Structure formats: structure tokens, C-alpha cells
Amino acid sequence: MKFTITKEDFLEGLQQVQHVVSSRTTLPILSNVLLEADGNSLRLTTTDLDVGVTGSVKAKVKQSGSTTLPARRLAGIVRELPANEVSVEVDSKNAASIRSGPSFFKILGLAKDEFPPLATFDDANEYKISQGVLKDGLRMTSYAISTDETRYVLNGIFCSFKGGALTLVATDGRRLAMVENDIEFPESRETEVIVPTKAVNELQRLLTDKGDVKIFISESQVAFELNNNLLVSKLIEGNYPNYRQVIPEETKERIVLERETFLSTVNRISLLANEKSNSVKCIFGENKIDVTANSPEVGEASETMDVAYKGPQFSIAFNPDFLMAPLRNLDTDEVYLDLIDEMSPGVLKTEGSFLYVLMPMRVSQ
Amino acid sequence: MQPGGENLQPRKIIHVDMDCFYAAIELREHPELAGKAIAVGGQPGGRGVLTTCNYEARKFGCHSAMPSFKALERCPGLIILPVRHDLYRSESMKIRSIFAEFTSRVEPLSLDEACLDLTGLKSSGSALAKEIRFRIKKETALSGSAGIAPNKLLAKIASDWNKPDGQFEIHEDEIPQFMQSLPVKKIWGVGDKTAERLGLMGATTCGELQKIGLVDLHRAFGQFGSLLFQLCRGIDDRSVTPNRQRKSLSVERTFPSDLVTLTEGTAELEKLINELTGELSAKHPERAVRTAFVKVKFTDFQQTTAECSAEAPSPGIFEGLLEEGWSRGKGKSVRLIGVGVRFKDQESLDEDAQLELF
């Protein structure tokens with residue numbers, strides 16, 4: 001195999017696939033990136049057996065062929081190369097000679113025969129959605145994914161293709177983020193799957209604001225095709241909890257908040273939140289909210305925000321991190337906070353289809 | 001393993017496993033029974049099973065989890081004593097306080113076994129193990145066996161090597177040789193059925209298992225396959241974690257022949273629920289339950305878990321979950337059923353608590 005490529009293209013190709021490679025792997029070939037040169041492109045592929053990514057970049061191929069090389073090391077070398085043009089030549093023993101300007105590197109690879117192939121999607125259902133919409137949807141929900149391995153069905157984003165919409169849901173059992181977008185697909189393709197966290201993270205890296213992403217779903221796998229890349233992942237097996245039942249139907253008080261103001265207030269006050277219980281209290285009074293926190297033997301903090309509020313006085317406590325996460329990941333100017341009482345879930349909403357249910361904290365005093 | 005390689009010396013892990021713990025305590029309390037076959041467990045009338053039995057009873061083929069009536073058929077003179085959890089727990093606490101004198105890095109695995117990380121202590125692993133066993137015997141009049149090795153997997157295997165009242169050490173440089181002839185069944189997590197499947201793949205020893213590639217193992221067993229790939233080489237990086245809080249409790253059963261109808265499944269479910277309820281009240285009466293789940297493994301090794309929130313799961317809830325899980329097999333027969341509960345975080349029971357949606 002022999003090709004020349006620009007440093008920029010090579011690096012971009014490697015960066016899109018290298019995060020899948022796990023730093024600690026028991027099978028050496030899984031640390032490697034599969035390189036396949038043919039025609040006028042170089043295809044790069046990595047996998048950890050659960051998730052795989054493949055993509056291609058432009059290259060001048062003088063002799064087509066394939067090999068696998070250590071992904072992280074290769075990316076490290078290419079990043080530091082001194083000239084813009086890079087030539088790569090691989091011999092029959094999978095030793096790669098990399099030349100760029102005055103530099104010469106030789107790195108040893110492994111034959112491609114051992115490289116596990118990515119799953120194929122012959123009998124898959126296909127869907128299409130705009131990249132920007134999916135990107136926003138994942139950003140608005142993915143922070144709520146559970147990291148508790150014992151609740152493995154929650155270790156991913158629930159994707160429901162039903163009723164002419166794609167609903168994305170993430171929850172850790174204490175808060176739940178959901179966003180819904182209309183997309184077109186025939187009723188016969190209605191389905192619900194759970195896409196694991198690692199695939200969500202990789203997908204977020206690959207998504208741009210332009211163009212569409214095609215989604216293929218088979219019995220146990222999902223694939224996302226976008227730009228020049230294909231991301232393949234196993235699905236999480238199991239039943240997602242009935243999330244609709246935890247979304248309150250009624251609400252007593254709706255408070256309109258300026259998102260950035262509220263975010264910075266909570267952020268400031270949380271500096272004095274008790275490390276162990278980690279809560280901030282919102283005390284609602286006539287046309288104001290007092291946001292307070294105190295930490296025994298450390299001190300206390302409070303700040304008053306002016307809001308339009310006419311209801312009765314009451315207070316409710318939240319984990320500040322859980323309160324700030326959606327505020328940080330939204331881009332609207334205003335958010336609505338719907339509350340019932342101090343022990344019932346609060347709901348954060350925007351003008352769009354976004355919704356965030358957050359359980360309060362029970363506070364001792 | 002530590003990043004940066006600053007700690008290259010092998011770890012010194014000791015696994016201590018008490019010999020027939022419950023039965024040994026009962027024998028100590030009833031010296032008149034010395035030399036007789038005894039067991040601790042449920043009475044043969046109902047669905048009682050043996051919790052444990054002494055070596056005299058094992059000679060007749062009795063073992064733990066065996067139905068008591070069957071044990072009596074094999075060993076008609078067997079004396080079955082009722083289970084006294086409080087007594088066993090207080091003995092276990094005495095033993096743990098001995099461990100605590102050696103290190104704070106103690107991970108109790110159950111009342112009668114624990115892993116200790118003694119890396120950094122000057123004495124040799126085998127001298128430390130000897131001393132720990134001596135102290136246990138002196139203070140409780142009970143015997144325990146110990147395994148000494150660079151990791152938890154091997155320490156646990158080693159503690160079984162010279163049982164009862166013995167110890168065995170596996171040195172770092174002996175691992176490759178030791179693993180070669182070790183039966184796969186000795187690996188943590190490999191039961192009869194996995195061993196049988198590995199046998200079909202040509203691996204009855206770890207040496208043979210090492211010849212199977214990671215990709216094939218992952219394909220056959222999923223994530224557990226990746227773990228097997230490491231374990232069969234004697235590699236185990238898990239650390240000894242004190243105060244590890246149990247997050248769930250479950251019991252499961254692989255059936256001698258696959259179950260075909262849900263009715264058969266429901267009948268088995270009832271036994272499993274009884275067992276689970278018994279374990280819950282005996283071992284974790286203080287923990288609050290968050291969810292109930294039923295695991296179903298189908299004949300093709302695909303498995304599924306049906307789960308729902310439940311603070312006091314009734315048999316009806318488990319039946320519903322079994323039905324749900326069962327239906328996901330779309331007619332496939334079932335090789336294993338498990339029932340369990342997940343606990344609420346102990347912390348969330350504190351005063352300032354995050355409330356849960358589910």
C-alpha cells in the first residue's frame with residue numbers, strides 16, 4: 001500500500017475515529033486503526049467490539065492496499081509532522097514508513113485479517129433526520145444519562161420513533177430530559193431502542209450543523225451515516241422505564257425565568273452548598289425568589305431574583321448540578337419552571353418541545 | 001494497575017475463606033456432635049435446603065443448596081440444625097476485627113469470606129496468612145483457609161487449594177504455568193453451563209481457553225467474554241474495595257432442561273421468590289428496596305431483564321415481570337430464571353435526600 005495525503009486530511013480522518021479505541025484493551029488489534037487505500041480515498045476504521053466508526057478522507061493512492069496501525073500513536077505522529085504533505089508506504093510485513101519533509105517514521109502494524117468487521121445492516125429500518133436537529137437533541141438530553149452500571153438500561157439515550165416523531169429521553173432516576181422532533185417515516189417502521197452512552201458521545205463528535213444523518217436500526221444494532229462517516233453500535237437490551245408516568249400532568253405555579261440570570265445565580269449560590277447533601281433552596285415570595293445555600297461550619301449564601309410570581313410563599317430544594325445542567329445546554333432566553341409543591345417534581349420547559357423533570361431534595365430543617 | 005508504573009511490585013492479596021463456617025460454629029456450640037455428619041439449613045418437611053454442611057456430610061455427597069430431603073436420602077444419619085444468622089454474624093464480626101488489625105483494605109465478600117490487600121507490608125504473604133489464620137483460630141476456635149496471590153481471582157482460587165485449614169500461594173512468575181492446567185470451572189463466574197459451552201468450543205482448561213480469540217469470546221458471551229479473555233490468563237485488575245455497598249440482591253437458577261411453557265416458569269419462580277425473601281430478611285433486613293427485576297435467559301443464551309419500581313415487591317409483581325421477560329423470547333425456551341431486587345442508596349435515606357422519580 002502506498003499513498004500521499006495532506007497532514008490536515010490525515011489528522012481529521014484519524015481524529016474522527018480514534019476515540020473509539022480504548023486505552024486499555026486486551027486484544028492488540030483493537031488499539032489499531034484499519035487503513036484501506038483505494039481509488040482516491042483512504043478509509044479509516046476503529047472498533048472496540050461494541051462501537052465502531054469508519055470514515056474516509058481524500059488521498060492520492062499510488063498502490064491500493066490495507067493494514068492496521070496503532071491509532072493513538074499514529075495520530076500523535078501525524079499531529080507533529082513538519083510538512084503539509086505526508087507519504088505513507090506499507091510493506092508486506094505491515095511496517096509503515098511515513099515521510100513528511102525531512103522527517104521519517106517507521107511504525108509496525110498488524111495484518112488486517114484479524115481486524116473484526118463492523119456489523120452489516122441488510123435488514124435494517126432506515127430513518128433520516130437533520131444533523132443539526134439531532135445534535136441539539138442530544139446536547140439537550142445526554143447529560144441526564146445514568147452512569148450507574150447496575151441500571152444498565154439507563155446507560156444510554158432512549159430513542160422512540162413513534163407517532164411521526166423522534167423522542168429522545170435520558171434519565172438517571174432523579175431527573176429526566178426529553179426532547180421531541182417531528183420526522184417522517186412510515187408507521188410500519190415505528191420502533192424504540194436504547195443507544196448506549198459511548199455511541200452517543202461518538203455521534204456528538206461526528207455531528208455537524210449541515211446535512212442529514214441516516215439512521216439504520218436492526219434487531220440488535222444501530223448505525224448512523226453522516227458526512228463521510230458510519231458509526232455502528234450495539235443497542236442496549238432491555239425495557240426502558242415508563243418515563244411518561246413521571247411527567248406531571250398538572251402544575252400549580254409557572255415561573256418565567258431568564259435562563260442565563262437564573263443559571264449564574266444558582267452557580268454562585270452553589271459555592272456554599274453543603275458538600276454532602278449538595279442542595280440549594282429556592283424560596284418563592286411575592287415577585288421574587290430567594291436562592292439560598294448553607295453549609296454548617298462553612299457559611300451561607302443568598303441572592304434575590306425578581307420574577308413575576310403571585311402565588312403563596314413556599315420553598316423547594318434542588319441539587320444545583322441537576323438544576324444547572326439543562327440551563328447550560330439550552331439556548332433560549334427564557335425558561336419556564338413549573339412547580340406543584342416542595343415534594344413533587346419540578347418541570348423545566350422551553351417554547352420548543354424540550355422538557356426536564358427534576359425531583360427535589362428533602363431538606364431536614 | 002497504577003498508571004505511570006510507579007507501583008510495579010506485585011500486589012499481595014489474601015483471600016480468607018472459613019471452613020464450613022456455619023456448620024463449624026454449630027459444632028463448636030454442640031461439642032457432643034463432634035465426628036458426626038451435620039448440616040445447617042431448612043427442615044426436610046417443606047422446601048428446605050442445606051445452607052452448609054461439614055466434611056463428614058460431604059463424604060456422603062451432601063452439599064449446600066441441596067434440598068434437605070435429598071441430603072437425608074444420601075446420608076440418613078445427617079443432623080440438620082436450624083440456621084442462626086445472628087450467631088454467625090457476630091462470629092463474622094470478630095473475624096473482621098482481626099483483619100482490621102492488619103489492614104483497612106478489607107473487602108468482605110460474605111459472612112465467611114473476605115479479600116485483604118496487604119501490599120506494602122514487609123512480611124511475606126504466606127507468613128501473614130499463617131498469622132491471620134492462627135489469630136482466627138485462637139479467638140474463635142474456627143479454622144479458615146487462605147489463598148495468597150497477586151490478584152483477587154487467583155487468591156480466591158488458591159484458598160480452595162489446601163482446604164480445609166490450609167493455605168496456598170501463587171507467585172507472580174508461576175501464573176502462566178498455573179493457568180495452563182487450571183479447569184475453566186475454577187474461574188469466577190464460570191458455572192456448569194458456561195463450562196459446558198466452553199467445552200464445546202474446545203476449552204476445558206484455561207490453557208485451552210487462552211487459544212480462543214477475544215473476538216470469538218466476545219461474540220459468544222458478550223462483555224463477559226472479554227472478561228474471560230483476561231481471567232483465563234490470570235489477569236485481574238480489580239482492586240480490593242472496602243465498604244463496597246451491595247446494590248442489588250438476586251437469586252437465579254439454571255434448569256437441568258430448558259423450560260418450554262410459562263406455567264413451568266411460574267412454578268419455578270415461586271421457589272426463587274421464597275429463596276430471595278429468605279436471603280433478604282436474613283442478610284439485609286435494614287435495606288430499603290427500590291426496584292424488583294426478573295432475568296430470563298433463553299436457550300440461545302440471549303438474556304433479558306424485566307424491571308419495575310417496587311418498594312415491597314409481591315409475588316404478583318414478579319409474576320408480571322416474568323411474563324413480560326418471557327414474552328420477549330417470542331416462543332424460545334428458557335434455560336435460566338433469576339429474581340432480584342435493587343436497593344436504594346443508603347445515603348439517600350439520610351435527612352437531606354435527593355428524591356427519586358423511579
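Each chain gets a letter, A, B and so on, in the order its sequence line appears, and its residues count up from 1. Side chains included, hydrogens not; waters and symmetry mates left out as well; all remaining heavy atoms used. Keep in mind it's a predicted model, so treat the numbers as computed, not measured.
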- Note on the structure: Cut-off 4.5 Å, heavy atoms of chain B, and the answer for A/P241 is side chain
- Which bit of B/F358 is near chain A, if near means a heavy-atom gap under 4.5 Å: side chain, backbone, both or neither? both
- Query: By a 4.5 Å heavy-atom criterion (distance strictly below it), what part of A/R175 contacts chain B: side chain, backbone, both, or neither?
  - Reply: backbone
- Tell me, side chain or backbone of A/V153 under 4.5 Å from chain B's heavy atoms, or both, or neither? neither
- Message: Using only atom types and a distance under 3.5 Å, with no angle test, would you say the side chain of A/T120 pairs donor to acceptor with the backbone of A/D122?
- Response: no
- Item | Steps toward salt bridge (charged side-chain N to carboxylate O under 4.0 Å, His left out) verdict (B/E252, B/K295) | CA-CA 8 Å; B/E252 58 181 46; B/K295 174 168 118 184; 2.9 Å; yes
- Which bit of A/S220 comes within less than 4.5 Å of chain B, counting heavy atoms only: side chain, backbone, both or neither? neither
- Interface moiety of A/L176 toward chain B, non-hydrogen atoms closer than 4.5 Å: both
- Do any of residues 232-240 of chain A have a heavy atom less than 4.5 Å from a heavy atom of chain B, and if so, which, in residue order? A/K234, A/E237, A/G238, A/N239
- Look at B/Q303, B/E307, B/R328, B/R342 and state which one has the largest set of heavy-atom pairs under 4.5 Å with chain A. B/R328
- Task: For residues 202-224 of chain B, pull every pair meeting salt bridge (Lys or Arg N to Asp or Glu O under 4.0 Å), keeping only residues two or more places apart or in separate chains.
- Result: B/D216-B/R219
- Message: Can you see whether A/S146 engages A/D148 through a side-chain donor-acceptor pair at a distance of less than 3.5 angstrom?
- Response: no
- Euclidean distance, A/R151 CZ relative to A/I145 CD1, rounded to 0.5 Å: 14.0 Å
- Query: Relative to chain B, which segment of A/F318 carries a heavy atom at a distance below 4.5 Å: side chain, backbone, both, or neither?
  - Reply: neither
